[in-house]
Each structure stands twice: as structure tokens, then as C-alpha cells.
Amino acid sequence: MPHILITNDDGYQAPALLALARALRPLGQVTVFAPDHNWSAAGHTKTMHKPLRVTQSSLPDGTPLYITTGTPSDCVGLAMLGIIPQPLDMVVSGINQGSNMGHDITYSGTVAAAMEAAVYGLPAIAASQDEKEDQKGDLDFAANIVAELARYLLGGGWTPNSLLNVNFPALPPHQVRGIQVTRLGKRIYRDVLIKRLDPKGRPYYWIGGDPPAGEPEEGTDIGALALGYVSVTPLNLDMTDEAQLAKLRQWGLQWKMS
Ligand code: MN
């Protein structure tokens, strides 16, 4: 029976953990390992300069829950390095509150935890639920689709170094049009620098602004959600740029001081 680890970057109190545990339990043994607070946009962080604490608890349905002071990717590392005695077969990260598409994947703690799993040689899924002010998705609907994808991965449909990045549109289930297999799209960030003064008159800064927009190009994750589809994007740890590699080889670089 496969052993599936669930983690996230929203923290151990996020309701999506319970939805995922419920949906994944028919596939095997389920353990949750989550951070003690929200780490959204923490990226792929390994804690190396301070000690990590881990406490044991359980979800309301009895699923074993480990809570750590570490980051989302630390959760996977701690689990793999021996905190969880039973070997793991897969990691599912999420379901994040807010989409992680295009360049978001470089900031996302949700995706980072799945990347950490791939580093350890495990299949992994990062799942995120898009949010809009007036429209909401359904966590159980999303969790069931994640479980369906997990079933494929565990059944041999996985290649090493790869992970799936799944995004759900902010729509009720009956309005979701289907699933599209996509590539990463292009985010448009609308960050602005907000400067304020502390009580001593010294400046401090916030990175503020509106939520990111994106180019809804066909075939991309952003394009799929714009049309009301669930997006499934395969990512790979090998970030080598093949086009630039070919160019670099033509530069004739060599080790020569002159
Ligand atoms: Mn988050």
C-alpha cells in the first residue's frame, strides 16, 4: 500500500489538508507534515542556520499530523530524513489558497515542497486553487482530481525529476469545463514599492500592489484557467535552457586568461 505525504505552505490549519487526506486515503496510507504558520511565497528554502522543532498531532479525522517550525520544503526533508519511520512513495503539496502559474512557481512554497520531493526521487503533485473575490472553487472537487492524478503517477505514469503543477479555476464544479495539459504561461506582476516611516522617522518598505495578472495564451496554465479549465503542467528539476546552451557552445569559451 503506497504511503502518501501531504504538505502545504499555508500552514497546518489550512482546510485543504483535510480535503486532500480524505481524497487520497483510498489510494494508501496518508500522513500530513505541515509548517506551523503560513509560508506562502517562501520558495525553495532549506533551513540551515537554526534548529527545527517538530510536534505530533492529528487532523480532525485522525490522520497523523506533524507540525514543524520549518519551511514547506523542510517538511519533505524532515519526513524523508527519518522523522516519519515508514518510507514514502509520493508527496502532494497544497491545495494552496491562490493559483501558482507561470513565474509564480519560482516563488511558491507549495511548488517548492513538490520540487523537494522530486529531489528525493519521489513523484509529487503541487496543487493550487485560484481565488476570485466573487467566485470560489470547491476543495473536495479539487482534491478528488488530485487523487485521480496521484493514481496515475503511482501506477507507473511518472518520470524521474518531474512533478505535476495543478491549478484549479475559481469556479463551482459544475462550471469547470474539463482538464487541460499545459505549459507554463507568462505572469504579469503588478508589484509596487510602498514606503512608510517608523516612529523614529526612518523609512521601511512593503512590496504591495494588485494581485498578478497574466497573458491568457492558449496552451498555457494561465490560458486554461482563463477558459475555465483545470490546468496540469509537468515541471522538471532540470532547468537547463537548451536554446541558450546551443548558443553558449558557439561562443567558443575556453579557460584562458589574457
Ligand atoms: Mn500559500
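This chain uses plain numbering: 1 for the first residue, then up along the sequence. Side chains are part of it too, since the values below use all heavy atoms of this structure and drop only hydrogens, waters and symmetry mates. One-based numbering, in listed order, for ligands and for the atoms of each. All values reported here derive from a predicted model rather than from experimental measurement.
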Any donor-acceptor pair under 3.5 Å linking the side chain of [X] with the backbone of [Y]?
X      : Y      : value
Ser99  : Met101 : no
Asn167 : Asn100 : yes
Asn8   : Gly94  : no

Original post:
Which single N/O/S atom of Asp9 lies at minimum distance from the Mn ion (ligand 1)?
Top reply: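 That would be atom OD1.
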
Subject >> the Mn ion (ligand 1) to nearest N/O/S of Gln97 below 2.8 Å >> reply: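 Not a single backbone or side-chain N, O or S atom of Gln97 is under 2.8 Å from the Mn ion (ligand 1).
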
Subject >> Ser40 OG and Asp10 OD1 subtending at the Mn ion (ligand 1) (10° steps) >> reply: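 Value, to the nearest 10 degrees: 90°.
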
**OP:** Determine, for Arg183 against Glu217, whether the closest basic-nitrogen to carboxylate-oxygen distance falls under 4.0 angstrom.
**Re:**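 Salt bridge between Arg183 and Glu217, a charged N being under 4.0 Å from a carboxylate O: yes.
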
